[in-house]
Number of protein chains: 2
Amino acid sequence: MAKPNSPITEHLAYLLAQANREINRQLELRLSKEGVPVEQWRILKVLSDGDGHSMGELADAVLLNHPTLTKMIDRMVSDTLVYRVQDPNDRRKVLMFISDRGKVLCKKLNSLAVDQEEHILESYGDKSTSELKRLLESLIDSSN
Amino acid sequence: MAKPNSPITEHLAYLLAQANREINRQLELRLSKEGVPVEQWRILKVLSDGDGHSMGELADAVLLNHPTLTKMIDRMVSDTLVYRVQDPNDRRKVLMFISDRGKVLCKKLNSLAVDQEEHILESYGDKSTSELKRLLESLIDSSN
DNA sequence: CTTCAATTGTTGAATATTCAATATTTTCAA
DNA sequence: TTGAAAATATTGAATATTCAACAATTGAAG
């Protein structure tokens with residue numbers, strides 16, 4: 001009598017993919033009001049500390065690999081949301097900065113994103129949300 | 001005095017994306033031993049109940065949209081891992097089945113995936129893992 | 001019945017992503 | 001100081017994904 005294999009829906013990798021897909025879909029929907037993909041919002045948000053960030057740093061922070069980021073930044077430069085400056089201390093590097101136009105857009109996007117977080121808090125609960133965040137952070141930690 | 005906006009790393013959407021990326025990367029690495037992408041493993045696993053599944057059903061189950069699934073199934077049919085049968089009860093539908101070769105491959109992939117789950121259990125802990133799964137399931141539920 | 005809308009799956013063109021190769025600059029050892 | 005190796009970012013070709021249009025079948029209202 002063979003033990004049946006666990007269905008795909010019980011695997012952690014699958015649950016993560018499913019939850020990520022759903023939450024991302026919802027966020028995408030909100031941000032589409034401003035015609036901006038989620039990744040661009042992440043980029044703007046990281047850059048909105050005003051410091052210059054190298055492409056490598058950015059790629060890590062926004063979960064994109066380098067060539068994809070380069071091409072997305074090209075578009076954002078065309079849209080004058082961000083700009084490149086060569087790092088004076090290490091001329092291999094390029095430092096990315098957010099423009100004034102980028103800052104304005106980022107604020108609008110932030111409030112759309114906050115809307116979503118609030119919506120999650122309502123339907124999912126305060127306690128579950130913070131507990132889930134805690135567990136995710138610790139999973140990410142333990143994977144390095 | 002303006003309140004600083006919460007950094008991207010505190011958003012649930014971001015934490016999910018990050019955790020998903022990392023766990024998926026690890027799984028991908030294991031499955032690459034058999035040269036199979038994660039999505040194909042999911043497809044094989046869903047089909048391994050032996051029943052016929054329509055493309056629509058499958059697309060939902062494996063988190064791919066229809067055209068992407070069609071093209072991936074095309075490849076898997078070429079590799080004789082799965083095959084198509086027209087649904088006799090509704091001739092718009094196509095029923096997908098796993099082949100014997102597919103079953104053999106699926107078993108190997110399952111054990112690679114189980115390896116990973118065990119690795120996670122070790123470094124992350126039994127309790128955290130099951131609690132995280134529970135919370136993810138409930139988040140997915142509350143999003144429908 | 002007949003026709004029109006809805007469902008299901010595929011296709012082709014447009015778009016996006018990835019891999020490997022490249023160019024540039026820096027680091028560091030000899 | 002020089003030359004080789006490492007780090008950083010970009011490019012172009014190959015690959016994959018997505019969007020919109022299509023074809024086929026079914027459902028359902030008149």
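In what follows, chains are A, B, ... by sequence order, proteins preceding strands, each numbered from 1.
With rounding to whole Å, A:M55 atom CE is found 15 Å from D:dA7 atom C1'. Computed from coordinates, the A:R25 CZ to D:dT18 P distance equals 14 Å when rounded to whole Å. Separating the CD atom of B:Q40 from the P atom of D:dA16 is a distance of 10 Å, rounded to the nearest angstrom. D:dT17 atom C1' lies 16 Å from atom CD1 of B:I73, rounded to whole Å. Taking atom NE2 on B:H53 and atom P on C:dT8, their separation rounds to 16 Å, with Å as the unit. Rounded to a whole Å, the CG atom of B:D74 is 11 Å from the C1' atom of C:dG9. For the pair A:K93 NZ and C:dA23 C1', the computed distance is 18 Å after rounding to whole Å. As rounded to whole Å, 11 Å separates atom P of D:dT15 from atom CZ of B:R75.
In this model, the phosphate group of C:dT10 is approached by a side-chain N or O of B:T70 to a distance below 4.0 Å at OP1 or OP2. Taking only side-chain nitrogens and oxygens, A:R84 never comes nearer than 4.0 Å to OP1 or OP2 of D:dA9.
Closest to the side chain of B:K71, from the set C:dT11, D:dT11, C:dT10, is C:dT11. You'll find that the side chain of B:S54 is closest to C:dG9, out of D:dT10, D:dT18, C:dG9. With D:dT17, C:dA20, C:dT17 as the choices, the nucleotide that has an atom nearest any side-chain atom of A:P67 turns out to be C:dA20.
Using a 30° and 60° split on the angle between ring planes, A:Y83 and A:F97 fall in the parallel class, below 30°.
Note: A:M55 CE to A:D60 CG = 12.0 Å, rounded to the nearest 0.5 Å. Atom CD1 of B:I43 and atom CG of B:L58 lie 6.0 Å apart (nearest 0.5 Å).
A donor atom on one side chain and an acceptor atom on the other are not found under 3.5 Å apart for B:D141 and B:S138. Side-chain contact of B:Q26 with B:E22: a donor-acceptor pair under 3.5 Å is present, judged by distance alone.
Mapping A:H66 and B:T68 onto DNA chain D by nearest heavy atom places A:H66 at the nucleotide closer to the 5' end.
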Please list, pair by pair, any protein nitrogen or oxygen found under 3.5 Å from a nitrogen or oxygen in nucleotides 21-28 of chain D.
| unit_1 | atom_1 | unit_2 | atom_2 | d |
| --- | --- | --- | --- | --- |
| D:dT26 | OP1 | B:R91 | N | 3.0 |

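Shown are B:I23, B:L31, B:L121; of these, the side-chain contact (heavy atoms from CB on, under 4.5 Å) with B:Q116 is made only by B:I23.
Ionic pairing of A:E117 and A:K133 is present here: one or more N-O contacts between side-chain nitrogen and carboxylate oxygen are shorter than 4.0 angstrom.
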